[in-house]
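Excluded from the calculations below are hydrogen atoms, water molecules and symmetry mates; all remaining heavy atoms, backbone and side chain alike, are included. Chain identifiers are assigned alphabetically (A, B, ...) following the order of the sequence lines, protein sequences preceding nucleic acid strands; residue numbering begins at 1 within each chain.
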Number of protein chains: 2
Amino acid sequence: MKCINSSSEEKIKEAAKSVFLKKGFAGTTARDIADAAGMNIALTNYYFRSKERLFVEIFQDLLALYCTSTLHILDQPIGLREKIIAIIEEDYRLMKQEPSLVLFIMTEIHRDCEKLLPEMSRYKEAMTKKLAEQLREEASHGTIRALGVEHLLPMILGSLQFIFMSKNMHMKLHGLNEAQFEEYTEKHKNHVIELVTNYLFPSSS
Amino acid sequence: MKCINSSSEEKIKEAAKSVFLKKGFAGTTARDIADAAGMNIALTNYYFRSKERLFVEIFQDLLALYCTSTLHILDQPIGLREKIIAIIEEDYRLMKQEPSLVLFIMTEIHRDCEKLLPEMSRYKEAMTKKLAEQLREEASHGTIRALGVEHLLPMILGSLQFIFMSKNMHMKLHGLNEAQFEEYTEKHKNHVIELVTNYLFPSSS
DNA sequence: AAATATTTTAAACGAATGTTTAAAAACTAT
DNA sequence: ATAGTTTTTAAACATTCGTTTAAAATATTT
């Protein structure tokens with residue numbers, strides 16, 4: 001029986017993740033991955049059968065990274081305002097760690113919707129259900145503006161992730177270094193918190 | 001002297017635009033383009049020299065489409081609130097017409113920053129300068145919240161464009177048809193108008 | 001130490017890639 | 001109609017693609 005947990009496999013996967021994030025599935029060659037991993041080109045198929053299987057595996061990992069971080073916040077028994085702030089803070093942390101993540105996921109789903117959507121669908125339901133319920137309840141008490149989760153989440157994620165999707169462009173156009181860009185994104189994150197909470201809780205400042 | 005304005009050239013360019021928007025530069029083959037245009041594969045290089053030159057030409061067109069529509073609104077001598085609403089309405093119109101546009105532009109700039117950024121830089125300056133000035137002036141009068149254009153535009157464009165970048169995903173996950181999706185996006189657009197104006201003009205409802 | 005299993009390698013595979021060629025077809029002008 | 005120009009075509013080009021092979025190297029077990 002094969003017991004696959006060698007370090008070569010890990011190295012290839014990490015290298016492939018990095019290359020896929022940068023160049024996408026179509027723009028990445030098997031030799032790109034092998035070079036980035038510093039390994040022989042045949043090893044990719046030895047461990048992962050094909051470029052596509054390796055990609056799907058990595059896509060699943062990255063999608064889980066993207067969704068799980070938000071999911072475990074939605075499950076916490078905390079108030080709506082705290083929860084929304086926590087979502088934004090967590091998403092900000094994730095974007096800082098992996099700025100290409102959202103553009104990668106969106107591009108690949110756009111490219112191969114049929115194959116990659118099933119992965120997404122479980123997360124989507126789990127993510128929206130809890131928050132939608134909380135929103136409906138609080139809206140029925142009149143404490144917040146009536147707003148569906150299908151509008152709230154794009155507001156939050158869109159206005160925050162947008163600046164990370166265009167990170168390279170933004171940095172080069174404005175001549176920023178990493179520290180300056182982080183300063184900018186943190187300010188923006190705080191604006192987004194105010195932007196969204198002000199809208200959702202109309203009475204408060 | 002060659003006078004190139006035949007209909008074959010137009011057909012190839014239109015087909016290439018459609019294919020590039022859907023599959024990106026790396027994911028598109030010369031034969032994809034020829035097939036979509038219903039033309040012989042050699043004609044692409046006959047008219048456009050290479051796949052890359054054709055792509056750059058199309059990228060420039062699509063970038064202009066994206067930027068010009070907003071630019072001509074920023075130049076109008078209207079109040080800040082009307083201008084912001086006009087930007088959102090115009091961006092909404094554009095997204096409805098070409099939902100893949102933003103994801104395409106972002107992905108390609110992410111892929112080949114060096115080559116494609118110079119195209120972007122002219123627009124960026126023209127877009128931000130006018131609005132930044134208007135924001136500074138009104139903020140100095142205390143009529144609006146102090147907010148840089150580098151935060152305002154991502155708020156607007158991010159929260160609005162986000163739902164179009166993930167259009168296919170959203171439609172399939174929620175089982176929507178085109179009409180239902182348009183209904184959703186129009187509601188969202190109106191939310192974005194309120195979201196942003198409420199934040200920028202704190203005193204008003 | 002010998003035998004077996006696993007990992008790594010260099011080389012090659014056929015298929016697909018962007019591009020070019022040279023001749024045929026269609027069009028324009030004389 | 002004829003000559004010259006432009007457009008279109010089928011075929012092939014060299015290169016790169018993902019993948020496979022079979023042997024060498026390494027590790028594991030007996």
Side-chain angles (χ1 to χ4, degrees), chain A residues 1-62 104 107-108 111-112 114-116, chain B residues 1-62 104 107-108 111-112 114-116:
Chain A
M1 176 111 202
K2 260 194 294 190
C3 177
I4 293 178
N5 57 356
S6 69
S7 118
S8 291
E9 187 182 1
E10 298 284 340
K11 267 198 266 184
I12 291 170
K13 196 166 174 181
E14 280 308 305
K17 188 181 291 185
S18 162
V19 179
F20 278 141
L21 272 169
K22 188 173 181 196
K23 314 218 268 180
F25 176 77
T28 298
T29 72
R31 284 163 183 84
D32 287 339
I33 297 172
D35 290 352
M39 319 228 78
N40 187 282
I41 191 187
L43 286 181
T44 293
N45 285 34
Y46 175 74
Y47 285 112
F48 299 95
R49 311 257 321 252
S50 75
K51 175 192 169 190
E52 180 151 356
R53 280 170 186 271
L54 171 57
F55 172 80
V56 171
E57 205 166 300
I58 286 171
F59 181 85
Q60 288 171 345
D61 291 353
L62 290 175
F104 168 80
T107 302
E108 298 304 334
R111 179 185 57 82
D112 194 353
E114 302 300 330
K115 186 173 299 159
L116 301 178
Chain B
M1 176 113 203
K2 260 194 293 190
C3 177
I4 292 177
N5 57 356
S6 68
S7 122
S8 291
E9 187 183 0
E10 298 284 339
K11 266 198 268 184
I12 290 170
K13 196 166 174 179
E14 281 307 306
K17 188 181 293 185
S18 162
V19 179
F20 279 140
L21 273 169
K22 189 173 180 196
K23 314 217 267 179
F25 176 77
T28 298
T29 72
R31 284 162 183 84
D32 287 339
I33 297 172
D35 290 352
M39 318 229 78
N40 187 281
I41 191 188
L43 285 181
T44 293
N45 285 31
Y46 176 74
Y47 285 112
F48 299 96
R49 311 259 318 255
S50 73
K51 176 193 169 190
E52 179 150 356
R53 281 169 185 272
L54 172 57
F55 172 80
V56 170
E57 205 167 300
I58 287 171
F59 181 85
Q60 288 173 344
D61 291 353
L62 290 175
F104 168 80
T107 301
E108 298 303 334
R111 178 184 58 82
D112 194 353
E114 302 301 330
K115 187 172 298 157
L116 301 177

Which whole-number value in Å describes the distance from B/Phe48 CZ to C/dG18 P?
16 Å
Quantified as the angle between the terminal helix axes (five pairs each), what is the overall bend of the helix from C/dA1-D/dT30 to C/dT30-D/dA1 to 10 degrees?
10°
Taking the side chain as every heavy atom from C-beta outward, state whether B/Glu108 and B/Asp112 have any atom pair closer than 4.5 Å.
no
Could you go step by step and tell me if A/Lys11 and A/Glu14 meet the salt bridge (Lys or Arg N to Asp or Glu O under 4.0 Å) rule?
CA-CA 5 Å; A/Lys11 267 198 266 184; A/Glu14 280 308 305; over 6 Å; no
Test item: B/Lys51 side-chain N/O and B/Thr28 main-chain N/O as donor-acceptor pair under 3.5 Å:
yes
Using the side-chain contact (heavy atoms from CB on, under 4.5 Å) rule, take A/Thr107 and A/Arg111 through it: C-alpha gap first, then chi angles, then the decisive distance, then the call.
CA-CA 6 Å; A/Thr107 302; A/Arg111 179 185 57 82; 5.5 Å; no
Are any of the side-chain heavy atoms of B/Glu9 and B/Phe48 separated by less than 4.5 Å?
yes
Those residues that, when tested against B/Lys23, pass salt bridge (charged side-chain N to carboxylate O under 4.0 Å, His left out) (two or more places apart):
B/Asp32
Which letter, B, S or -, goes with each nucleotide of nucleotides 9-20 of chain D from 5' to 3', with contact meaning a protein heavy atom under 4.0 Å?
BB-B----BBBB
Can B/Phe20 and B/Phe55 be said to form a ring pair (Phe, Tyr, Trp, His ring centres under 6.0 Å), step by step?
CA-CA 8 Å; B/Phe20 279 140; B/Phe55 172 80; 5.1 Å; yes
In whole angstrom, what separates B/Ile33's CD1 from C/dT19's C1'?
13 Å
Note: A/Glu10-A/Lys13 ion pair, threshold 4.0 Å (strictly below):
no
